[in-house]
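To start, the structure under review is shown below, and the notes come after it.
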Protein chains: 2
Amino acid sequence: MAEEECPMERFCKLVGSRWGCLIVKNLMNNDELGFNELLRQLSTNPKTLSDKLKLLEKNGLVKRRVVNEMPIRVFYSLTEKGRGAARVEEFISKWIKG
Amino acid sequence: MAEEECPMERFCKLVGSRWGCLIVKNLMNNDELGFNELLRQLSTNPKTLSDKLKLLEKNGLVKRRVVNEMPIRVFYSLTEKGRGAARVEEFISKWIKG
DNA sequence: CAGGATCCTCTTTGATACTG
DNA sequence: CAGTATCAAAGAGGATCCTG
């Protein structure tokens, strides 16, 4: 049916899934993490993580920093907007308990 | 892998899907609606609507009121908690735009 | 180390038909 | 009118292997 999408829905597609949610939380506690570090912490698979990171990056929640060493390294961190998602979560927590 | 669930995730399962979201919005504008009225307004199918309504009811967002006439009528409305979800949406809207 | 390619399963959604 | 039953389709997530 694909009519327009409400903000709630857009939000939930980003951080409402198991992994979107956990990525934000982990980056919240860690400043910067490499791909495989994240992978281990979330105990998921590369495809799922990669997909989610791309989505989050595209929507401006996550920042990618590439370091050209050998082997190459890539670090992920939250943007200001991404940190805002944590505030949203607090708000939601209160509502769901109240 | 089914560890514990964050509040964000629980919230999103309720109102983050296309239909959960629209049901809340429609009930927000209408006080009370019958099953088929809702069905027409959302233009979805009975199964999807029925499933979602059960989930929302189970989680205390939606109230069911049965009127024993012939034919039987059932009205759905938002609870206080359900109305709170609308406030959460406002908060999210601000964040997603900002 | 960072991720792409495959393939597979499970859940959600949907269309349609039917019942009390 | 308010749903349930059935079946098909699509997408998210997952396991595993592979490459620059």
Which whole-number value in Å describes the distance from [X] [atom1] to [N] [atom2]?
{"X": "B:Leu42", "N": "C:dA15", "atom1": "CG", "atom2": "P", "value": "13 Å"}
{"X": "A:Asp51", "N": "D:dG11", "atom1": "CG", "atom2": "P", "value": "14 Å"}
{"X": "B:Lys13", "N": "C:dT12", "atom1": "NZ", "atom2": "C1'", "value": "12 Å"}
{"X": "A:Leu55", "N": "D:dG11", "atom1": "CG", "atom2": "C1'", "value": "14 Å"}
{"X": "B:Lys47", "N": "C:dA15", "atom1": "NZ", "atom2": "P", "value": "12 Å"}
{"X": "B:Leu53", "N": "C:dT12", "atom1": "CG", "atom2": "P", "value": "16 Å"}
{"X": "A:Gln41", "N": "C:dC1", "atom1": "CD", "atom2": "P", "value": "14 Å"}
{"X": "A:Ile23", "N": "C:dA2", "atom1": "CD1", "atom2": "P", "value": "14 Å"}

Exercise for review: Could you tell me, to 10°, how much the axis swings from one end of the helix from C:dC1-D:dG20 to C:dG20-D:dC1 to the other, five pairs per end?
Suggested key: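 Computed angle between terminal axes is 40°.
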Cluster question for you: counting only ILVMFWY and a side-chain heavy-atom cut-off of under 4.5 Å, with indirect links fine, are [X] and [Y] together?
{"X": "A:Phe91", "Y": "B:Ile96", "answer": "yes"}
{"X": "A:Leu33", "Y": "A:Val66", "answer": "yes"}
{"X": "B:Leu27", "Y": "B:Phe75", "answer": "no"}

Review point. Quick one: is C:dG14 close enough that its OP1 or OP2 comes under 4.0 Å of any side-chain N or O from B:Trp19?
Key: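 B:Trp19 to C:dG14 OP1/OP2: side-chain N or O found under 4.0 Å.
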Review point. Under 4.0 Å between a side-chain N/O of A:Lys52 and OP1 or OP2 of D:dG13, yes or no?
Key: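 Looking at the OP1 and OP2 atoms of D:dG13, one of them is under 4.0 Å from a side-chain N or O of A:Lys52.
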Exercise for review: Would you indicate which nucleotide in D:dG13, D:dA15, C:dA15 comes nearest to any side-chain atom of A:Asn45?
Suggested key: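 For A:Asn45, the side-chain atoms sit closest to D:dA15.
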Check your understanding: Between D:dA15, C:dT13, C:dT16, which nucleotide gets closest to the side-chain atoms of B:Pro46?
Key ->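 From the listed options, C:dT16 comes nearest.
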Check your understanding: Which residues in residues 56-79 of chain A have at least one heavy atom lying under 4.0 Å from any atom of DNA chain C?
Key ->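 A:Arg64, A:Pro71, A:Ile72, A:Arg73, A:Val74, A:Tyr76 - these, ordered by number, are the residues of the stretch whose heavy atoms sit under 4.0 Å from the strand.
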Taking [X] for the side chain and [Y] for the main chain, is one N or O donor matched with an acceptor at less than 3.5 Å?
{"X": "A:Asn45", "Y": "A:Lys47", "result": "yes"}
{"X": "B:Ser93", "Y": "B:Glu89", "result": "yes"}
{"X": "B:Trp19", "Y": "B:Leu42", "result": "no"}
{"X": "A:Glu37", "Y": "A:Gly34", "result": "yes"}
{"X": "A:Thr79", "Y": "A:Gly60", "result": "yes"}
{"X": "B:Glu90", "Y": "B:Arg87", "result": "no"}

Check your understanding: Which is true for A:Ser50 with a 4.0 Å heavy-atom rule: it touches a base, it touches only sugar-phosphate, or it touches nothing?
Key ->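 Here A:Ser50 touches the backbone only, sparing every base.
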Exercise for review: Can you establish whether the number of heavy atoms outside A:Lys81 located under 6.0 Å from its atom NZ is more than 12?
Suggested key: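 More than 12 heavy atoms, drawn from other residues, nucleotides or ligands, come within 6.0 Å of this atom.
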Review point. Parallel, tilted or perpendicular for B:Phe35 and B:Tyr76, by the 30°/60° rule?
Key: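 The arrangement is tilted - the two ring planes meet at 30° to 60°.
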Point to revise | DNA chain D: 5'-proximal contact among B:Lys54 and A:Ser17 (nearest heavy atom) | key: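 Per heavy-atom nearest nucleotide, the more 5' residue is B:Lys54.
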Practice item. Working to the nearest 0.5 Å, report the span between CZ of B:Arg40 and OG of B:Ser43. Key: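 Reported value, rounded in 0.5 Å steps: 11.5 Å.
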Practice item. Give, ordered by number, those residues of residues 28-38 of chain B having at least one heavy-atom distance below 4.0 Å to an atom of DNA chain D; if nothing qualifies, reply none. Key: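 B:Gly34, B:Phe35, B:Asn36, in order of number.
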